[in-house]
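Please read all numbers here as calculations on a predicted model, not as lab measurements. By convention in this document, chain letters (A, B, ...) are assigned in the order of the sequence lines, proteins followed by strands, and residues within each chain are numbered from 1.
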Number of protein chains: 2
Amino acid sequence: MSSSAATSLPAVYSSLTKQMSTPILLSQSSALLHWDSMVTMPQTDAHHKARGKQQAALAGVIHSQKTDPEIGVLIDQIKTLLDAGESGLSPRELANYRLMEKQYTETSRIPQDLSEKRAALESEAYMSWTKARDAKDYGLFRETLGKCFSTAGEIAGLRQPGADRYAAMLDEFEPGMSPERIDEIFGTVQAELQPLIKRVLEAERQVDASCLEGEGKFPLAGQKELCDMIVEWCGFEGRQDVSVHPFTTSFSSSDVRITSRFTDSEFYQGLAGTVHETGHGLYEAALGKEPEAVNSALSMGVHESQSLFWERHVGLSRGFWKRWGGEARSRLEGLEGVADEDIYRAVNKVKRSFIRVEADELTYPLHVILRYEIERDIVGGKMDVADLPRVWKERMRELLGVEVEDDANGCLQDVHWSGLAIGYFPTYCLGAIMAAQLAHYMRLELDVDALVEGGESGPIREWLREKVWRHGSGEGSMDELLERAVGERLNERYYLDYLREKYEDIYGL
Amino acid sequence: MSSSAATSLPAVYSSLTKQMSTPILLSQSSALLHWDSMVTMPQTDAHHKARGKQQAALAGVIHSQKTDPEIGVLIDQIKTLLDAGESGLSPRELANYRLMEKQYTETSRIPQDLSEKRAALESEAYMSWTKARDAKDYGLFRETLGKCFSTAGEIAGLRQPGADRYAAMLDEFEPGMSPERIDEIFGTVQAELQPLIKRVLEAERQVDASCLEGEGKFPLAGQKELCDMIVEWCGFEGRQDVSVHPFTTSFSSSDVRITSRFTDSEFYQGLAGTVHETGHGLYEAALGKEPEAVNSALSMGVHESQSLFWERHVGLSRGFWKRWGGEARSRLEGLEGVADEDIYRAVNKVKRSFIRVEADELTYPLHVILRYEIERDIVGGKMDVADLPRVWKERMRELLGVEVEDDANGCLQDVHWSGLAIGYFPTYCLGAIMAAQLAHYMRLELDVDALVEGGESGPIREWLREKVWRHGSGEGSMDELLERAVGERLNERYYLDYLREKYEDIYGL
């Protein structure tokens with residue numbers, strides 16, 4: 001082996017990239033095991049138990065591959081070469097190196113036994129959570145939830161020693177976003193939306209959404225056919241399947257799959273979920289093909305901005321229903337004789353509700369803010385998990401004016417914390433804000449309404465590809481991405497203006 | 001750690017079993033990646049390329065997990081303890097230990113780079129083989145096939161140094177079976193079947209199988225429905241899907257899946273494949289659930305005996321068509337007005353043919369014998385791969401009396417050698433012999449015909465569970481299994497008697 005060849009910067013970089021491709025490829029395999037367990041695997045305890053063992057074995061191997069000391073040696077070599085002023089790596093390669101360095105450093109700080117403890121806890125907590133939710137009894141989950149918070153905190157503390165604990169958790173899902181910044185943004189959002197929601201709910205001209213409900217009135221085949229047409233129109237080319245909870249998964253940018261769920265007694269939730277996942281899917285499919293760190297989505301908030309762009313700024317728009325209202329009516333008995341404009345109004349109806357995932361666009365951010373405040377306070381030691389049901393009920397009353405009847409409709413409704421995904425919730429609202437900001441700038445260049453109404457999605461997709469998808473992977477923050485895409489960092493102004501104008505129009509305010 | 005606890009035989013055994021469960025669980029994951037690529041994954045080059053990388057990463061990790069030196073340390077400890085007369089392991093645990101020891105010893109002899117070379121060669125050879133087959137030009141595959149034989153030989157030589165090369169290859173698929181024994185068995189089979197085939201083909205009373213063919217006469221939905229009923233009747237409970245090549249896969253005995261393929265212009269190949277895979281599936285589903293070496297199928301020949309038992313001794317029996325003829329007629333236009341007995345005769349029609357997988361029960365063994373002789377002679381240095389097309393044509397003429405027109409219908413029809421599965425072909429015929437032997441002994445205890453005709457499968461399944469499945473995993477040879485099950489080792493007499501009686505009856509000889 002020529003020693004100069006082996007130690008040139010590009011050669012070492014290439015060895016490092018090759019070495020780190022293994023855990024990425026194994027993670028893609030793990031994603032398939034998960035997809036299969038949700039979509040194709042028979043749903044029995046025995047199947048899930050066997051799959052759990054396979055996933056645990058894979059997770060153990062992925063952890064040890066990610067923390068292989070050989071990676072540390074290669075990273076040190078690159079550091080030395082870079083410090084010595086060596087060049088030869090492109091900006092993209094440098095970004096890829098920094099991502100690998102960060103991932104290796106942070107993962108190596110987690111001992112194998114803590115990593116295994118985490119995996120076992122996730123599995124235990126998921127079962128404990130479903131049991132408690134079914135029994136509507138938070139008491140059955142409290143102790144386990146405490147362990148979820150403490151273990152997630154321990155891991156975050158190891159990953160980023162010295163950093164604020166919640167900030168470190170947030171960084172895993174939304175790099176570069178601080179709790180202080182979120183406090184500020186969410187403060188403005190809450191302050192402006194609460195009075196707007198009040199005006200909407202007290203408006204004289206209310207919305208009738210009864211056309212969206214009715215036992216057996218929305219045949220599954222008709223909904224599926226309509227969704228297939230819409231997904232194709234959006235330009236998504238991957239598999240579409242049915243699962244209990246809709247999700248998007250990617251086994252590489254060549255093989256992105258989405259799932260939906262439908263019920264024949266309600267129209268729109270199935271379509272909304274499909275269009276939402278399509279947005280995630282289009283983004284994933286636009287990432288680079290090679291198994292490299294730099295080819296992963298930039299952040300959860302950016303991901304959500306793409307799903308919400310398609311769900312809200314396309315699927316919940318007036319133009320969309322002018323285009324698709326007829327197709328829906330011809331397939332779904334329940335919509336017979338309902339005008340496009342009335343479908344548009346119905347799918348945008350605002351109401352106080354308990355469940356985040358079923359909430360309308362206007363009240364949704366308050367559900368997120370509630371969760372953000374609670375998880376931030378528990379991690380910060382200002383609140384005890386034992387007080388969760390009480391605090392949840394109080395804040396639901398204050399924020400949304402609803403009386404939570406039981407824990408199932410309250411603090412037990414979300415799976416996230418049982419999966420140790422703490423610091424994740426705020427990304428839903430950040431994504432919504434980013435989506436509105438993108439929509440604002442897109443409208444300066446494209447007549448989006450006319451395109452959607454005319455059935456033309458190409459220019460919208462190309463705008464997103466150019467502004468977001470092209471830069472939307474690897475290293476950087478949501479702010480940096482937005483600066484490049486539209487010239488300014490995340491700004492909630494566009495989101496609040498969009499919501500005010502839209503709902504004043506619908507409710508005749 | 002208490003040193004006595006850590007070094008007691010059961011404790012070390014338990015550590016070893018735990019350690020070796022990881023590569024088993026990873027292999028189950030790899031099986032899912034394969035199943036998905038055949039059943040659910042979109043069939044594009046980009047998808048297959050991405051999946052290939054995932055499979056290669058997993059294969060690399062499985063190899064290094066199987067050869068982890070820590071395993072060697074544990075095995076040495078157990079050896080020492082056993083030599084010192086320590087007890088505490090059950091016979092099943094001892095068998096599991098011996099299997100792990102054999103696997104570790106043989107796998108450790110294969111260097112990582114040879115293992116990777118093999119994986120790359122398999123992928124290259126598969127593509128080269130499909131290209132050559134499509135072009136009907138063996139010349140395009142010859143060089144690669146040479147590499148397949150030499151690499152498989154190199155691996156077998158390392159696995160079992162000192163052993164006869166072909167015997168070592170055979171041992172991978174059929175432990176305990178020697179080439180000499182196969183020569184003897186196949187010699188008798190060929191000697192008795194060739195004159196029987198001649199008599200059948202020259203018989204006055206020929207079979208009319210035209211009812212099984214006709215453009216569009218066998219709607220896929222009807223075939224699928226019929227197969228679903230039959231699979232359920234056989235007692236198989238796993239998933240059934242459609243793929244280009246039918247296969248069975250197991251991700252644990254809780255999650256066994258089979259696939260079939262159907263065409264609307266022919267009846268019976270789809271059903272035969274389904275019943276065949278059902279036989280494999282029932283066996284897999286009966287194995288132990290834990291990820292242990294001892295819970296794997298005993299050999300490929302034993303596996304094939306189970307698929308062929310159901311395909312031939314149930315699905316090709318007169319009683320089966322008395323039970324299912326009406327169900328088939330009511331769903332398949334092409335069978336309208338065809339009597340049960342005529343369907344029975346049609347599905348058992350004997351004819352000279354080129355393609356092994358489409359061959360009837362009587363000529364099938366000669367296809368296998370041809371491949372066995374060729375691979376044995378190439379490995380033994382008595383034949384060069386360059387001569388394959390010529391030898392193939394000559395032997396097809398001698399054995400089956402057919403003139404092979406081109407390589408696609410000749411030496412390029414099977415995928416096995418491109419996958420380095422050399423020593424595999426004989427297990428097809430050994431399985432057929434074992435199936436007939438089991439059927440003979442089952443008939444001494446059960447009225448199989450009456451059960452099948454009466455639609456009762458339970459006693460047949462229970463007999464197989466008791467005699468075969470219960471002992472059919474882990475350690476041992478086909479002969480040992482048969483000794484336990486029916487009191488004698490593999491004996492081709494029952495097979496030849498079965499064939500002679502059955503075809504003399506059908507052809508009125």
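Counted within 6.0 Å of CD on Gln112(B), heavy atoms from surrounding residues, nucleotides or ligands total more than 12; the atom is thus considered enclosed. Within a 6.0 Å radius of NZ in Lys102(B), other residues, nucleotides and ligands contribute more than 12 heavy atoms. Residue Glu232(A) places its CD atom among 12 or fewer non-hydrogen atoms of other residues, nucleotides or ligands, all under 6.0 Å distant.
Only the side chain of Gln65(A) comes within less than 4.5 Å of a heavy atom of chain B; its backbone N, CA, C and O stay farther away. Contact of Asp36(B) with chain A is made through the side chain alone, with heavy-atom distances under 4.5 Å.
Nearest heavy-atom pair, Pro42(B) versus Asp255(A), reported as atom, atom and distance to 0.1 Å: CD-OD1, 4.1 Å. Of all heavy-atom pairs between Gln54(A) and Ser252(B), the closest is NE2-CB, 4.3 Å.
Between the CG atom in Leu58(B) and the CG atom in Leu26(A) there is a gap of 6.0 Å [rounded to 0.5 Å]. Of the inter-residue distances, the one linking Trp35(A) atom CH2 with Thr40(B) atom OG1 reads 4.5 Å to the nearest 0.5 angstrom. With rounding to the nearest 0.5 Å, the separation of CG in Leu25(B) from NZ in Lys53(A) is 7.5 Å.
Using a 4.5 Å heavy-atom cut-off against chain A, the contacting residues of residues 289-296 of chain B are Glu290(B), Pro291(B).
Each of Arg51(A), Gln55(A), Glu237(A), Lys49(A) has some count of heavy-atom pairs under 4.5 Å with chain B, and the biggest count is that of Arg51(A). For the set Ala56(A), Ser29(A), Ala50(A), the count of heavy-atom pairs under 4.5 angstrom toward chain B peaks at Ser29(A).
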